[in-house]
There are 2 protein chains.
Amino acid sequence: MADGTTERVRPRDRILETAQDMFHKHGIKGVGVDAITEAAGTNKMTLYRHFESKDDLIIECLRATACKAAAIWDAFEAEYPGDKLAQLHAWVRKAADMLNADSRGCDMANAAIELSETDHPARRVIKELKEAQRDRLVSLCRDAGVGQAELLADTLSLLLEGARVSMQSVGAEGPSAQFVRMAEGLIASFRAR
Amino acid sequence: MADGTTERVRPRDRILETAQDMFHKHGIKGVGVDAITEAAGTNKMTLYRHFESKDDLIIECLRATACKAAAIWDAFEAEYPGDKLAQLHAWVRKAADMLNADSRGCDMANAAIELSETDHPARRVIKELKEAQRDRLVSLCRDAGVGQAELLADTLSLLLEGARVSMQSVGAEGPSAQFVRMAEGLIASFRAR
DNA sequence: CGCTAAAGTTACAGACCGGTAACACCCTAG
DNA sequence: CTAGGGTGTTACCGGTCTGTAACTTTAGCG
């Protein structure tokens with residue numbers, strides 16, 4: 001303990017990272033600020049000096065995860081520069097990898113379900129970030145030369161979203177196990193016409 | 001108030017009905033037993049005389065909603081006796097209707113997300129009930145004479161599950177708006193081969 | 001009527017929650 | 001060396017949560 005990694009990083013970043021991880025694993029309402037600060041090696045006062053409230057922390061966490069997701073998208077472009085179809089297949093592969101590696105699904109979708117209050121401040125952020133991801137997938141499908149790009153993108157979106165939640169209800173051996181086959185079949189089908 | 005409807009129904013059933021409704025609207029962790037009993041026109045002691053714990057109440061609520069879902073399935077058979085393909089299309093229509101009528105999604109999926117503890121007693125019930133629904137959809141697809149019935153059923157499952165959660169994150173104008181077109185397209189595509 | 005079982009009432013225990021106040025500390029910039 | 005901002009510590013507030021105890025009231029039924 002007391003290693004450089006833990007000590008050098010600013011408390012705010014440690015809190016943000018820890019909160020992301022704990023919200024993801026245990027859900028937002030399943031984690032209290034005390035548990036977060038303790039796991040982050042700090043205390044509640046420091047948290048409230050950097051974040052207005054727990055709701056504010058939640059929002060910052062969602063923005064942070066959205067940033068990480070954007071970095072993954074950028075990696076597709078870096079790996080297959082200009083080849084949008086290859087990037088689309090990479091998206092399918094990456095989505096499947098993340099399904100297998102983690103069974104707690106999408107933080108934003110989970111948050112939307114947990115925070116049922118329609119006027120919760122996090123809701124508009126969730127919608128905004130999810131719409132950005134949707135736009136990105138639509139663009140990818142369109143630039144890959146697929147007809148009805150929006151319909152394909154939306155179908156893939158729902159498939160992935162469904163796979164992530166199905167994982168949590170029926171488990172990994174359920175319908176989500178066929179995600180890659182479904183997605184690839186859809187892409188092929190949309191390209192054929 | 002104090003009308004026959006409220007008074008005649010046994011407290012246990014009133015609690016069960018009210019809890020289902022409130023869990024659905026506000027989430028499981030978003031509503032306490034006090035609020036449930038008050039809304040049900042009774043009190044906490046009576047609740048705990050009929051249910052061992054809140055977890056027990058949760059499980060009974062999930063079983064009750066599964067029963068209601070089963071009744072909807074039975075209605076398909078009653079409306080199109082023997083015509084499995086018509087029943088499959090009725091399933092799509094009904095799913096879309098429920099998407100439009102209510103934006104809080106599937107109680108079982110929501111519960112699975114909210115109750116992140118892997119050993120929560122409700123988890124095995126959720127899995128069991130979801131698997132039963134999956135089996136039913138697979139049978140319907142198979143009996144409708146569709147090749148690769150399991151794959152079609154699983155794809156439709158994920159699409160619907162995704163639509164229900166997408167509804168809660170991006171809203172009704174998001175990808176879920178295309179659910180019927182996607183589902184019908186898939187059925188047609190699977191039947192064509 | 002009178003008995004009994006179910007239901008209502010009140011109060012409480014013990015834990016946890018988000019959030020704040022007051023104060024001591026330490027590290028670094030000047 | 002010193003001043004000051006960031007951080008840690010402790011204690012606390014008011015509220016909510018699940019669950020229980022003891023007692024009173026009500027309702028059905030022979």
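Each chain gets a letter, A, B and so on, in the order the sequences are listed, and its residues count up from 1.
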Round to the nearest Å and state the distance from [X] atom [atom1] to [N] atom [atom2].
X       : N      : atom1 : atom2 : answer
A/Arg12 : D/dG8  : CZ    : P     : 15 Å
B/His26 : D/dT16 : NE2   : P     : 16 Å
A/Glu38 : C/dC17 : CD    : P     : 11 Å
A/Lys29 : D/dT16 : NZ    : P     : 14 Å
A/Leu47 : C/dT20 : CG    : P     : 11 Å
A/Asn43 : D/dA11 : CG    : C1'   : 13 Å
A/Arg14 : D/dG6  : CZ    : C1'   : 12 Å

Taking a hydrophobic cluster as the set of Ile, Leu, Val, Met, Phe, Trp and Tyr residues connected by side-chain heavy atoms closer than 4.5 Å, whether directly or through intermediates, do B/Leu152 and A/Leu158 fall within one such cluster?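 Cluster IDs for B/Leu152 and A/Leu158 match.
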
Path from B/Phe51 to B/Val125 over hydrophobic side-chain contacts below 4.5 Å: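 Looking at the clustering, B/Val125 is in the same group as B/Phe51.
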
Using five pairs at either end of the helix from C/dC1-D/dG30 to C/dG30-D/dC1, determine the angle between the two local helix axes and round it to 10 degrees. 10°

Of A/Leu137, A/Thr155, A/Val138, the residue whose pairing with A/Glu150 passes side chain to side chain contact (heavy atoms under 4.5 Å, CB included): A/Val138

How about CD on B/Glu117, more than 12 heavy atoms from neighbouring residues, nucleotides or ligands closer than 6.0 Å, or not?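 Yes.
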
Tell me, yes or no, whether the heavy-atom count around B/Lys29 atom NZ, taken from other residues, nucleotides or ligands under 6.0 Å, exceeds 12.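 Yes, the 6.0 Å shell around NZ holds more than 12 heavy atoms from other groups.
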
Determine which pairs satisfy side-chain hydrogen bond (donor to acceptor under 3.5 Å, both in side chains) with at least one residue from residues 64-81 of chain A, sequence neighbours left out, and list them in order. A/Glu17-A/Lys68, A/Asp74-A/Arg136, A/Glu77-A/Lys84, A/Glu77-A/Gln87

Protein within reach of the bases, or only the backbone? For nucleotides 17-24 of chain D, mark each nucleotide 5' to 3' as B, S or -, using heavy atoms under 4.0 Å. -BBBBB--

Are OP1 or OP2 of D/dT7 and a side-chain N or O of A/Thr46 less than 4.0 angstrom apart? no

Hey, is the side chain of B/His50 poking within less than 4.0 Å of OP1 or OP2 on C/dA6, counting only N and O atoms?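 No, no such contact exists.
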
Please name the pair of heavy atoms, one in B/Cys106 and one in B/Lys130, separated by the smallest distance, quoted to 0.1 Å. SG-NZ, 3.3 Å

To the nearest 0.5 Å, tell me how far A/Leu57 CG sits from A/Ile15 CD1. 7.5 Å

side-chain hydrogen bond (donor to acceptor under 3.5 Å, both in side chains) between B/Ser157 and B/Asp154, worked out: CA-CA 5 Å; B/Ser157 277; B/Asp154 284 348; 5.0 Å; no

